[in-house]
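Notes follow the structure.
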Amino acid sequence: MALYLILVLLGIFGNALVISVVGENIVREHGGGRSSDMILVNMAFSNLMVSVTRNILLVVSDLGLEVSPNKDCCQLLMGIWVWLRSVNVWSTFFLSAFHFHTLRRIAPPIVSVNGTRGPPKALLTGFCFIWTFNLIYSVPAFVYSTNGGKNATETLMLVSSTTRPLLGCLWDFPSTYSGLAFATASMVIHEIIPILLMTATNLGSLLTLYAHGNAHSKSNKVQDAPVIRRVPAERRAAKVILALILLFIVSWGASVISVNYFNYNRGASSAYLLVLARFSNSAFIALSPIILAVGHRRLRAVLKSIVSY
């Protein structure tokens, strides 16, 4: 209980700090900030919303406070949980994909002649697509969920919702087969595919940096100087993002294995694995701001000042 409370509080404080510090940089740069900063804020915001709307309720429930929402409230909560967790997954992948795309570019970003700047339309379109698509995906949670009471027992779980009947809210599909079909689709779309894509983009980033490093050692052409000088900085960024994605894969993967073992096996280890899933769900949210601080100068400076104070 104490460890989980620490993870939840660390997740809330850390991601709120990321939003505040990085968001301030975006506001300072008139017309919009760097694309990478916007992606970090988007990911931190999804982390924060998961902590506030779900993990805090888990802590409150552990403290013994009994809350019994009605069916409509459970449908709203389940829908929000599925929506935010799914957004959280794809926002993390978006960061990995953006860095891979940045490394693939051989020229600096183009600025318009009149000097006006703003968030790239492709970036804003990506944000809108992530939040809208996952909202549509979460519609079944708004429909096929109910309040089972304080003594209810869950028969189906999803990584994107909760690993126990939180506040008595349960999945309520018309049949067992329809529930397992939705769980299987969720596992493929929001669990397996993102992990595979993150792995591919991070390997691509590392290979691209390796190629740039070889080019630097074999060529000293003047026209390549701007690109070559960026390699050390991009290599540091790649290491930070790789550590972030590895943390995500380990925490998310542990949760995927645990929840799907419960859904399809129901062996003697189910109870222990669900406890593992609960902690692993919060580990990424709590630790990701620390990893980001390693590669973000402004964020690192703010953390140092807080610790020293």
Side-chain angles (χ1 to χ4, degrees), residues 15 18-50 53 79-142 160 185-186 188-205 208 230 234 237-238 240-242 244-245 248 252 284-285 288-289 292 295-296 299:
N15 286 285
V18 171
I19 295 172
S20 175
V21 174
V22 182
E24 183 183 3
N25 284 345
I26 296 174
V27 173
R28 282 181 177 180
E29 297 184 17
H30 301 290
R34 294 188 306 170
S35 298
S36 58
D37 284 345
M38 296 180 188
I39 295 175
L40 290 180
V41 169
N42 179 67
M43 186 183 72
F45 179 74
S46 66
N47 286 340
L48 181 62
M49 289 298 99
V50 170
T53 62
I80 291 176
W81 294 336
V82 172
W83 182 31
L84 293 176
R85 282 292 287 176
S86 301
V87 166
N88 185 235
V89 176
W90 290 104
S91 295
T92 306
F93 164 70
F94 198 19
L95 174 64
S96 177
F98 173 79
H99 186 251
F100 175 65
H101 172 70
T102 301
L103 292 177
R104 298 288 294 178
R105 293 186 313 190
I106 60 175
I110 299 174
V111 181
S112 59
V113 177
N114 57 15
T116 59
R117 299 175 57 196
K121 291 183 179 180
L123 187 67
L124 297 180
T125 301
F127 290 154
C128 292
F129 178 78
I130 288 174
W131 287 87
T132 303
F133 171 77
N134 287 289
L135 178 61
I136 296 173
Y137 160 77
S138 65
V139 167
F142 288 100
S160 55
S186 175
V188 173
I189 298 174
H190 292 285
E191 297 161 21
I192 296 178
I193 291 179
I195 288 178
L196 293 177
L197 291 176
M198 289 180 201
T199 303
T201 52
N202 273 274
L203 287 176
S205 296
T208 302
R230 293 176 55 190
E234 294 294 353
V240 171
I241 294 175
L242 179 61
L244 188 68
I245 299 305
F248 177 87
W252 193 259
F284 174 77
I285 294 176
S288 58
L292 289 176
H296 198 282
L299 187 59

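- Between Val87 and Met49, the closest side-chain pair of non-hydrogen atoms is not below 4.5 Å.
- By the side chain to side chain contact (heavy atoms under 4.5 Å, CB included) test, Ile245 pairs with Thr92, Ser96, Met198, Asn202, Ile241, Ile249, sequence neighbours left out.
- With hydrogens and angles disregarded, a donor-acceptor distance shorter than 3.5 Å links the side chain of Asn134 to the backbone of Ile130.
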Exercise for review: Decide side-chain contact (heavy atoms from CB on, under 4.5 Å) for Ser186 and Tyr137; before the verdict, give the C-alpha distance in whole Å, the side-chain angles of both, and the deciding distance to 0.1 Å.
Suggested key: CA-CA 9 Å; Ser186 175; Tyr137 160 77; 2.6 Å; yes

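- Exactly one of Leu40, Val18, Asn47 qualifies for a side chain to side chain contact (heavy atoms under 4.5 Å, CB included) with Ser288. That residue is Asn47.
- Atoms CG and CD1, from Leu48 and Ile19 in turn, are 5.0 Å apart once rounded to the nearest 0.5 Å.
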Exercise for review: Might you work through the side-chain contact (heavy atoms from CB on, under 4.5 Å) test for Leu123 and Phe94, ending with a clear yes or no?
Suggested key: CA-CA 10 Å; Leu123 187 67; Phe94 198 19; 3.8 Å; yes

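- Taking OG of Ser86 as the start and CH2 of Trp81 as the end, the distance is 14.0 Å to the nearest 0.5 Å.
- Here Phe142 pairs with nothing under the ring-ring contact (aromatic ring centres under 6.0 Å, His included) rule; sequence neighbours left out.
- Checking side-chain atoms of Trp90 against main-chain N and O of Pro194 turns up no donor-acceptor pair under 3.5 Å.
- For Phe284, the ring-ring contact (aromatic ring centres under 6.0 Å, His included) criterion is met by Phe248, not counting sequence neighbours.
- Formation of a donor-acceptor pair under 3.5 Å by the Asn42 side chain with backbone atoms of Ser91 is not found in this model.
- Taking CG from Leu292 and CG from Leu299, the interatomic distance works out to 7.0 Å, rounded to the nearest 0.5 Å.
- Here the side chains of Trp131 and Trp83 are in contact, with some heavy-atom distance below 4.5 Å.
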